[in-house]
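Everything below concerns the one structure shown next.
One-based numbering along the sequence shown. Note that the structure is predicted; figures quoted are calculated from it, not measured.
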Amino acid sequence: MKTQDPPAGLSRRALGAWAVGGGAAMVAGLPQATAQTPPPPPEPTRLKSAGETLRPEIVGNFGIVAAGRHYAVAAGTRILMAGGNATDAGVAAVFAAAVTEISHFGFGGEAPTIIYDSGTKDVTVINGQGTAPALATPDKFAQLGMIPGNGPMGGTIPAMVDAMARALQLNGTMTLDQVMQPAIELADGFVMYNFLAEVFVSQQKATAKYKTAYDTYYPGGTLPRVGEIFRQPNLARTMRVIAAADKTALARTKDRKAAIQAGRDAFYKGDIARRIGAAMEADGGLMRYGDLADYRGKLEAPVTTDVFGYTICKGGFWSQGPALLIALNIAEAAGIGAMEPGSEAYLHTLAESIKLAFDDRNAYFGDPDFAKVPAKALLSKAYAAERAKLIGPRASLEHRYGDPWAMEGGKRPTPAFTPHMLKKPPIPTADTTAIEVVDRHGNLFSCTPSSGWMLGGAYIAGDTGVPMSNRMTVFDLDPESPNVLAPGKRPRTTLSPSMVMKDGAPYLSIGTPGGDNQDQQIMNVLLRVLAFGQPLQAAIEAPRINSSHFHGSFAIKKDEPGVLEIEDRVPQAVRDGLAARGHKLDVLGPFGVSTGIVAAGVVPETGTLRGAADVRRERYVFGW
């Protein structure tokens, strides 16, 4: 039988219904199905997934790179395609970020890193946090009453190059020369993007205080515009010296690890370090050549806790990382796993757990090479259970410091320290980026690089093109603080990469910028993924809270007791309930919390890969 043409004059929607719902049969005069007729399918343009997110979750079985900007993601992806593993790709992405994300991170900054090696099954922390120079003592800042975060006095020893070299030696397959090529090309010139161009506008006056930085970022006093090529020739030259030393040593020794060491030493022990030291001294800074020549990063075992059937791995008490473990332990003990995600009770418990954990961070954390830390008690489930009992129906407006020494055993070996805000005018602080990589072998790479930022005015050491660290401001000047400034000591950094294992197998690497917000935001996401099984991208996009209750890490150590940032996508009834409990709500826009989560990992059931990136802060992810 010849099929009839559709009736004329039908709309597209009516045509679809006609074609599927028996229209041809109707025209042909054939009997029509009635109750059994299926509903017409939706138009192709109206298809919608039940789990649709603003961005798709990336899946694959080759490799995935998640990072702050597309340039870093592209660098990492390029190295994966060239045969590199997750560490090779991660290191390449970090170097690329040091060139293209200079609003938040520069070449002279820090890069704490966690790596999972699928061959040895080991999780290793590369501390990646520089130490205070030998001349850095509290008396140098007594008159000022605080430690500045910008300029020649603001920097710990540059640690990023050392950390990335150690990462390659530990778990990589490539050389520094190979993984630095994308970054070198970007230093020769990359297309300026809008966010960075806006930072250049806002920071021109602040950067004018430092001639070498101003000449580097504003050549001839001009502002870079979106779409123009932005070049950093001095930084490109510095990177080429490192890459060349690596390449020359490899040709001579045929030893990849020795070649990486030679490239690393070209930065810390050669002419670059001498020029940095000379510039710092000339500009009134505390760092000298000897500080760079003597610097050695460390490989450490992670600090861990088990919650909701997963093992969370963090850096040690020289970082804020263990605060995430403490907060998760407290929330688990408080029964958050039985609550509805996003509900009033859930968000109240989350906020109070964070407040308790971060008050303890400020009171007890410090570089374990210098400070005695009651680590065993702080991380114990028994301590978490005691702290969880403090969570009542009302929001606490007080700082409630625990007494882990009572549980640690023995008498407290240090004087009590009470964190406090400094009576000084606030000064600007900047931020961070994050890079997460997974490869087809199950290797994981998590890095949170920072410092060398532009906010408040970048400082570049001489003609090296290297913007120096801003991390000295995290130290305390109070002699009773476990985080008091001392030569050779690591500040209790906010930089906090994270790794999650499931039954000893790799599961997820996750990180974010955000300073004191980092582990709070990671906790917001991890709870939804680990305790409630939510998809990764959906968990990242879900509405968030962020506490400002505890003392901050930077500059004047500001606190805002009871203040809770909350995105306005949290239902009004929930917000009203939290306010009635005493939380001082700071209602932000729909994706307003200052964060930018990126994550990459392995799906345990299939062994395939997945990655996700925040819509907040324009994060990027790519792979297959």
- Close side-chain approach of Tyr507 to Pro604, heavy-atom, < 4.5 Å: yes

- Task: Kindly determine whether Thr432 and Ser450 satisfy side-chain hydrogen bond (donor to acceptor under 3.5 Å, both in side chains), including the steps that lead there.
- Result: CA-CA 5 Å; Thr432 305; Ser450 188; 3.1 Å; yes

- Any donor-acceptor N/O pair, Asp265 side chain to Lys269 backbone, under 3.5 Å: no

- Query: Between the side chain of Gln232 and the main-chain N/O of Val99, is any donor-acceptor distance below 3.5 Å?
  - Reply: yes

- Task: Apply salt bridge (charged side-chain N to carboxylate O under 4.0 Å, His left out) to Asp117 and Lys121, showing your working.
- Result: CA-CA 5 Å; Asp117 188 318; Lys121 313 298 183 188; over 6 Å; no

- Message: Could you check whether atom NZ of Lys376 has more than 12 heavy atoms from other residues, nucleotides or ligands sitting under 6.0 Å from it?
- Response: no

- Query: Could you state the interatomic distance from CZ (Phe317) to CZ (Phe365), rounded to the nearest 0.5 Å?
  - Reply: 5.0 Å

- Taking the side chain as every heavy atom from C-beta outward, state whether Met160 and Phe107 have any pair of such atoms under 4.5 Å apart. yes

- Compute whether any side-chain donor of one residue and acceptor of the other, for Gln320 and Arg361, lie under 3.5 angstrom apart. yes

- Task: To the nearest 0.5 angstrom, please state how far the CG atom of Leu609 sits from the CG atom of Leu444.
- Result: 9.0 Å

- Query: Nearest heavy-atom pair of Ser446 and Glu436: which atoms, and what distance?
  - Reply: OG-OE1, 2.7 Å

- Item | Backbone N/O of Leu536 and side chain of Glu57: donor-acceptor pair under 3.5 Å | yes

- Query: Taking NZ, NE, NH1 and NH2 as the nitrogens, is one of them in Asp614 or Arg544 under 4.0 Å from a carboxylate oxygen of the other?
  - Reply: yes

- Partner of His70 under ring pair (Phe, Tyr, Trp, His ring centres under 6.0 Å), picked from Tyr620, Phe622, Phe190, is Tyr620

- Taking every heavy atom of Ala377 against every heavy atom of Pro404, the minimum-distance pair comes out as CB-O, 3.2 Å

- Message: Show, in sequence, the C-alpha distance, side-chain angles and deciding distance for Thr512 and Thr595, and conclude whether the side-chain hydrogen bond (donor to acceptor under 3.5 Å, both in side chains) test is met.
- Response: CA-CA 6 Å; Thr512 182; Thr595 182; 2.8 Å; yes

- Rounding to 0.5 Å, atoms CD1 (Ile510) and CE (Met523) come to a distance of 12.5 Å

- Message: Looking only at side-chain N and O atoms, does Asn524 offer a donor or acceptor that is under 3.5 Å from a partner on Gln520?
- Response: no

- Note on the structure: One should read off an interatomic distance between Leu530 CG and Ile312 CD1, to the nearest 0.5 angstrom, of 5.0 Å

- Query: Taking side chain as C-beta onward, heavy atoms only, is Ile272 less than 4.5 Å from Val241?
  - Reply: yes

- Message: Let's go through Glu300 and Trp318 carefully: what are the C-alpha distance in whole Å and the side-chain angles of both, what is the deciding distance for side chain to side chain contact (heavy atoms under 4.5 Å, CB included) to 0.1 Å, and is it a yes or a no?
- Response: CA-CA 12 Å; Glu300 302 174 355; Trp318 47 270; 2.9 Å; yes

- Task: Sort and list the pairs that fulfil side-chain hydrogen bond (donor to acceptor under 3.5 Å, both in side chains) and have at least one residue in residues 78-99, not counting sequence neighbours.
- Result: Arg78-Glu185, Thr87-Asn171, Asp88-Thr173

- Gap separating the CG atom of Asn234 from the CD1 atom of Ile460, nearest 0.5 angstrom: 8.0 Å

- Query: Regarding Ser469 and Thr156, is there a side-chain donor-to-acceptor distance under 3.5 Å anywhere?
  - Reply: yes

- Give a yes or no answer on whether the side chain of Arg617 reaches the backbone of Val615 with a donor-acceptor pair at less than 3.5 Å. no

- Which heavy atom of Ala163 sits nearest a heavy atom of Gly128, and at what distance? CB-CA, 3.8 Å

- Message: With a 3.5 Å distance limit and no angle check, can you tell me whether Gln537 reaches the backbone of Ala613 through a side-chain donor-acceptor pair?
- Response: yes

- Item | Under 3.5 Å: donor-acceptor pair, side chain of Asp291, backbone of Ile157 | no

- Query: Any salt bridge between Glu618 and Arg69, counting N to O under 4.0 Å?
  - Reply: yes

- Enumerate the residue pairs fulfilling side-chain hydrogen bond (donor to acceptor under 3.5 Å, both in side chains) with a member in residues 305-315, sequence neighbours excluded, ordered by first and then second residue. Thr305-Asn329, Asp306-Thr311, Lys314-Ser496, Lys314-Ser498, Lys314-Asp519

- Message: Does either side chain, that of Ser451 or that of Glu110, offer a donor lying less than 3.5 Å from an acceptor on the other one?
- Response: yes

- Query: At their closest point, which heavy atom of Thr113 faces which heavy atom of Cys447, and how far apart are they?
  - Reply: OG1-SG, 3.3 Å

- Report yes if the side chains of Trp624 and Thr77 come closer than 4.5 Å at any heavy-atom pair, otherwise no. yes

- Query: For the residue pair Ala612 and Ile540, what are the closest heavy atoms and their distance?
  - Reply: CB-CD1, 3.6 Å

- Query: Roughly how far, to the nearest 0.5 Å, is the CE atom of Met180 from the CG atom of Leu186?
  - Reply: 12.0 Å

- Query: Which residue pairs pass the side-chain hydrogen bond (donor to acceptor under 3.5 Å, both in side chains) test with at least one member in residues 247-259, sequence neighbours excluded?
  - Reply: none

- Mind checking whether Phe195 and His104 have ring centres under 6.0 Å apart? yes

- Check whether any side-chain heavy atom of Val598 lies under 4.5 Å from a side-chain heavy atom of Val621, and answer yes or no. no

- Item | Side-chain ion pair, Asp162 and Arg264, N-O less than 4.0 Å | yes

- Message: If we count only N and O atoms by modelled type, under 3.5 Å, do the side chains of Ser594 and Asn517 hold a donor and an acceptor together?
- Response: no

- Task: Please report the C-alpha distance between Trp453 and Glu101 in whole Å, then the side-chain angles of each, then the deciding distance to 0.1 Å, and finally whether the side-chain hydrogen bond (donor to acceptor under 3.5 Å, both in side chains) criterion is met.
- Result: CA-CA 9 Å; Trp453 56 58; Glu101 297 180 43; over 6 Å; no

- Item | Test side chain to side chain contact (heavy atoms under 4.5 Å, CB included) applied to Ile522 and Ile597, step by step | CA-CA 7 Å; Ile522 292 169; Ile597 295 275; 3.9 Å; yes

- Query: Just wondering, do Leu350 and Ile545 contact through their side chains at under 4.5 Å, heavy atoms?
  - Reply: yes

- Item | Side-chain touch Phe554/Asp516, heavy atoms, less than 4.5 angstrom | yes

- With distance as the sole test, does Thr493 use its side chain to make a donor-acceptor pair with the main-chain N or O of Pro491 at under 3.5 Å? no

- Message: So that I can tick it off, tell me whether Asp369 and Lys489 are bridged by a salt bridge, with the cut-off set at under 4.0 angstrom between side-chain N and carboxylate O.
- Response: no

- Task: For residues Leu526 and Val500, determine if any side-chain heavy atom of one lies less than 4.5 Å from a side-chain heavy atom of the other.
- Result: yes

- Under 3.5 Å, side chain of Asn483 to main-chain N/O of Val474, donor-acceptor pair present? yes

- Smallest separation among heavy atoms of Ser553 and Thr494, with atom names: OG-CG2, 3.4 Å

- Query: Between Ser319 and Arg490, does a side-chain hydrogen bond (donor to acceptor under 3.5 Å, both in side chains) hold up when you go through it step by step?
  - Reply: CA-CA 9 Å; Ser319 75; Arg490 294 170 286 184; over 6 Å; no

- Message: If we ignore hydrogens and angles and just use 3.5 Å, is the side chain of Tyr383 paired with the main-chain N or O of Glu408 as donor and acceptor?
- Response: no

